[in-house]
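First up is the structure itself, then whatever we jot down about it.
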Amino acid sequence: MYVSSACVVHEKIKDSIEELGLNGFKDIELSGGTKYYAGYEDDLIRLKEKYHLNYLVHNYFPPPKEEFILNLASLDENRLFLLPLTS
């Protein structure tokens with residue numbers, strides 16, 4: 001059984017994985033909810049080796065460099081992607 005990285009709230013995926021690894025979770029589903037940052041791939045590899053983890057990729061992962069909304073309900077082809085997503 002895999003636990004979702006979205007179960008813990010951190011801005012960077014490395015912090016979420018570190019917390020899960022420290023708490024004994026070995027099978028982790030990489031999911032949305034974190035921000036993009038350069039080097040996240042290296043962090044995931046390092047943490048996988050450190051804690052002997054298994055990963056599955058699901059949902060909004062990896063995080064994109066620029067956030068966007070995919071508007072599947074729109075009938076207007078020009079409004080399918082809304083860039084950039086601003087808060």
How many angstroms lie between atom [atom1] of [X] and atom [atom2] of [Y], to the nearest 0.5 angstrom?
X	Y	atom1	atom2	value
D43	I13	CG	CD1	10.0 Å
S16	L47	OG	CG	10.5 Å
S4	F25	OG	CZ	11.0 Å
H10	I17	NE2	CD1	9.5 Å
D27	L20	CG	CG	11.0 Å
E19	C7	CD	SG	10.0 Å

Exercise for the section: Ignoring hydrogens and angles, state whether a donor on the side chain of N54 or Y2 is under 3.5 Å from an acceptor on the partner side chain. Expected result: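 Y2 and N54 do not have a side-chain donor-acceptor pair below 3.5 Å.
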Exercise for the section: Say whether Y51 and E18, considering side chains only, have a donor N or O and an acceptor N or O under 3.5 Å apart. Expected result: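 Indeed, the side chains of Y51 and E18 share at least one donor-acceptor pair under 3.5 Å.
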Handout entry: pair D42-R46: side-chain heavy atoms closer than 4.5 Å
Key =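 They are not in contact (no side-chain heavy atoms under 4.5 Å apart), so the answer is no.
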Practice task
Could you tell me whether the side chain of I28 reaches within less than 4.5 Å of the side chain of L56, counting heavy atoms only?
Solution key: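 A side-chain contact under 4.5 Å is absent here.
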Problem - Residues L44, L30; criterion side chain to side chain contact (heavy atoms under 4.5 Å, CB included); working and verdict - result: CA-CA 10 Å; L44 290 175; L30 303 174; 4.0 Å; yes
Exercise for the section: Could you walk me through whether E11 and Y37 pass side chain to side chain contact (heavy atoms under 4.5 Å, CB included), step by step? Expected result: CA-CA 10 Å; E11 206 166 282; Y37 66 94; over 6 Å; no
Practice task
Report, as yes or no, whether the 6.0 Å neighbourhood of atom CG on L22 holds more than 12 heavy atoms from other residues, nucleotides or ligands.
Solution key: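 Yes - once you tally the heavy atoms of other residues, nucleotides and ligands closer than 6.0 Å, there are more than 12.
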Exercise for the section: Examine Y60 and V57 and state if one hydrophobic cluster contains both, with Ile, Leu, Val, Met, Phe, Trp and Tyr joined whenever side-chain heavy atoms are less than 4.5 Å apart. Expected result: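 Y60 and V57: separate clusters.
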Practice task
Measure from NZ or CZ of K48 to the centre of the six-membered ring of Y55 and say whether it is under 6.0 Å with the direction within 45° of the ring axis.
Solution key: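 Flagged: K48 positioned over aromatic ring of Y55.
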Closest approach of [X] to [Y] (non-hydrogen atoms, all atoms of both residues):
X	Y	answer
S31	S5	N-OG, 2.9 Å
Y40	P62	OH-CB, 2.9 Å
K26	H52	CD-O, 3.7 Å

